[in-house]
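Here is the structure we will look at, set down as structure tokens.
Excluded from the calculations below are hydrogen atoms, water molecules and symmetry mates; all remaining heavy atoms, backbone and side chain alike, are included. Everything quoted here is computed from the prediction, not taken from an experiment.
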Amino acid sequence: GKSTLLSVITAAKPKIANYEFTTLKPNLGIVQYRDFQTFVIADIPGIIEGAASGAGLGLRFLKHLDRTRLLLHLIDISEFDPERDPVRDWVTIDEELERHGSDLARRPRWVVFNKTDTVTEDKIDQWEDRIRTAGWTGPVYRVSAATGKGCKALMQAVQASLDNQGKADDESAGD
């Protein structure tokens with residue numbers, strides 16, 4: 001889902017396949033917003049439990065996140081794998097960000113439900129209720145990278161957030 005989203009919102013052509021951990025190295029893409037505004041978005045390999053302690057390739061990729069200004073946590077809410085729990089996946093990533101030891105867990109972060117085209121609105125609402133019950137208080141966006149639904153609105157919100165962060169940085173530099 002992450003690589004598909006990257007390919008939809010940028011000109012990047014990452015490897016896309018229907019199995020976990022297709023992405024083995026970070027992929028970058030440039031999102032063009034309006035006429036002359038752009039920002040870089042990175043698709044990193046999935047983070048697994050224990051990543052902050054070096055499991056898998058996670059520690060190396062968590063370090064990539066140290067340079068970001070906004071984290072989008074893309075969550076597959078499809079029901080293709082009944083053994084998978086998207087909220088448990090979110091909790092795992094949240095815990096790994098805390099364990100990493102940098103300020104990643106306090107960095108601006110949004111939850112993005114992906115594959116919304118595969119479930120009903122009621123089901124999406126249920127997932128949002130569950131993730132909020134699990135402790136998430138930040139923004140939740142709903143997209144379908146496969147159909148493009150919600151992707152433009154998400155990128156507009158990302159650009160607005162980055163613009164606001166830039167203004168705050170400029171104001172604090174003047175103090």
* Asked: Going through the checks in order, is the side-chain contact (heavy atoms from CB on, under 4.5 Å) test met by Gln156 and Lys152?
  -> CA-CA 6 Å; Gln156 290 171 336; Lys152 182 177 180 181; 3.5 Å; yes

* To do: Show the numbers, then the answer: is there a side-chain contact (heavy atoms from CB on, under 4.5 Å) between Asn114 and Ile77?
  => CA-CA 6 Å; Asn114 188 29; Ile77 61 167; over 6 Å; no

* Is it the case that Asp122 and Gln126 place a side-chain donor and acceptor less than 3.5 Å from each other? -> no

For the backbone of [Y] and the side chain of [X], can you confirm whether one donor and one acceptor N or O come within less than 3.5 Å of each other?
{"X": "Gln165", "Y": "Arg69", "answer": "yes"}
{"X": "Asp89", "Y": "Ile75", "answer": "no"}
{"X": "Arg142", "Y": "Lys149", "answer": "no"}
{"X": "Ser144", "Y": "Lys115", "answer": "no"}

* So Arg132 and Asp129, side-chain contact (heavy atoms from CB on, under 4.5 Å) or not? Walk me through it. -> CA-CA 5 Å; Arg132 296 219 181 266; Asp129 289 346; 5.9 Å; no

List the atom of [X], the atom of [Y], and the distance in Å for their closest heavy-atom pair.
{"X": "Ile124", "Y": "Val119", "answer": "CG1-CG2, 3.5 Å"}
{"X": "Asp85", "Y": "Val87", "answer": "OD1-N, 3.0 Å"}
{"X": "Trp110", "Y": "Ser161", "answer": "CZ2-CB, 3.7 Å"}
{"X": "Ala145", "Y": "Cys151", "answer": "CA-SG, 4.1 Å"}
{"X": "Tyr141", "Y": "Pro139", "answer": "CE1-CB, 3.6 Å"}

Check the hydrophobic clustering (I, L, V, M, F, W, Y; side-chain heavy atoms under 4.5 Å; chains of links allowed) and say if [X] and [Y] are grouped together.
{"X": "Val140", "Y": "Leu71", "value": "no"}
{"X": "Ile131", "Y": "Leu72", "value": "no"}
{"X": "Val91", "Y": "Trp136", "value": "yes"}
{"X": "Leu74", "Y": "Leu70", "value": "yes"}

* Asked: Is any side-chain N of the basic residue among Asp125 and Arg130 closer than 4.0 Å to the acidic one's carboxylate O?
  -> no

* Quick check, are the ring centers of Trp127 and Phe113 under 6.0 angstrom apart? -> no

* Tell me, do His73 and Asp94 make a side-chain contact under 4.5 Å, heavy atoms counted? -> no

* **Spacing of CZ belonging to Arg88 relative to CD belonging to Glu83, to within rounding of 0.5 Å** => 8.5 Å

